[in-house]
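Each remark here refers to the structure printed beneath this line.
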Amino acid sequence: MATITFIQQNGEKVVVENAIGNLMEIATANDVEGITGDCGGNCSCSTCHVYITPEWRDKVGEAHEAEKDLLEFNDHEKPNSRLGCQIEMSDELDGLVVEVAPGE
Ligand code: FES
């Protein structure tokens, strides 16, 4: 089973063990501040915006085209930006650490 750590904007960490689902679902189910998942995971709101920490970027992979298009409109977009709803947790990602991006 996989563990994920969310680093909130206030610097506090939320560690979720046995994490199942996509990162937005995991965050909202565990009261991670700053992730609301307003569109329900349809890649159309960016309220699940996270930054992938450098050591995890290769494993998590790049955003797909529709995701990139949406992130382009986000003021806080960075090269390591991803939408949490587009990343499915897996055993391969066990230990993943992401930072919650600032809200719009
Ligand atoms: Fe809306 Fe991810 S929940 S884009």
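Counting convention: from 1, in listed order, for ligands and their atoms alike. Since this is a predicted model, take the numbers as computed values, not measurements.
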Given that the side chain starts at C-beta and the backbone is N, CA, C, O, which of these parts of Cys43 lies under 4.0 Å from ligand 1, counting heavy atoms, or is it both or neither?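 Backbone only.
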Distance filter under 4.0 Å to [X] heavy atoms, resulting ligand 1 atoms:
X: Ser44; answer: 4 (S)
X: Gly41; answer: 3 (S)
X: Gly37; answer: 3 (S)

Angle subtended at atom 2 (Fe) of ligand 1 by Cys48 SG and Cys85 SG, rounded to 10 degrees: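 The angle at atom 2 (Fe) of ligand 1 comes to 110°, rounded to the nearest 10°.
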Below 4.0 angstrom, N of the basic side chain to O of the carboxylate: do Glu67 and Arg82 qualify?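 Yes, charged N to carboxylate O under 4.0 Å.
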Step by step, work out the side chain to side chain contact (heavy atoms under 4.5 Å, CB included) result for Val32 and Ile26. CA-CA 9 Å; Val32 174; Ile26 296 164; over 6 Å; no
Metal-centred angle, atom 1 (Fe) of ligand 1 as apex - SG of Cys45, SG of Cys39, 10° resolution: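 SG of Cys45, atom 1 (Fe) of ligand 1 and SG of Cys39 span an angle of about 110°.
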Ser46 to Asn74 - nearest heavy-atom pair and separation: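 Taking Ser46 first and Asn74 second, the nearest heavy atoms are OG-ND2, 3.2 Å.
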With side chain to side chain contact (heavy atoms under 4.5 Å, CB included) as the test, would you mind laying out the steps for Leu93 and Glu88 before giving the verdict? CA-CA 9 Å; Leu93 297 180; Glu88 198 68 24; over 6 Å; no
Criterion side-chain contact (heavy atoms from CB on, under 4.5 Å) against Val98, the qualifying member of Phe6, Tyr51, Trp56: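 Answer to the side-chain contact (heavy atoms from CB on, under 4.5 Å) test with Val98 among Phe6, Tyr51, Trp56: Phe6.
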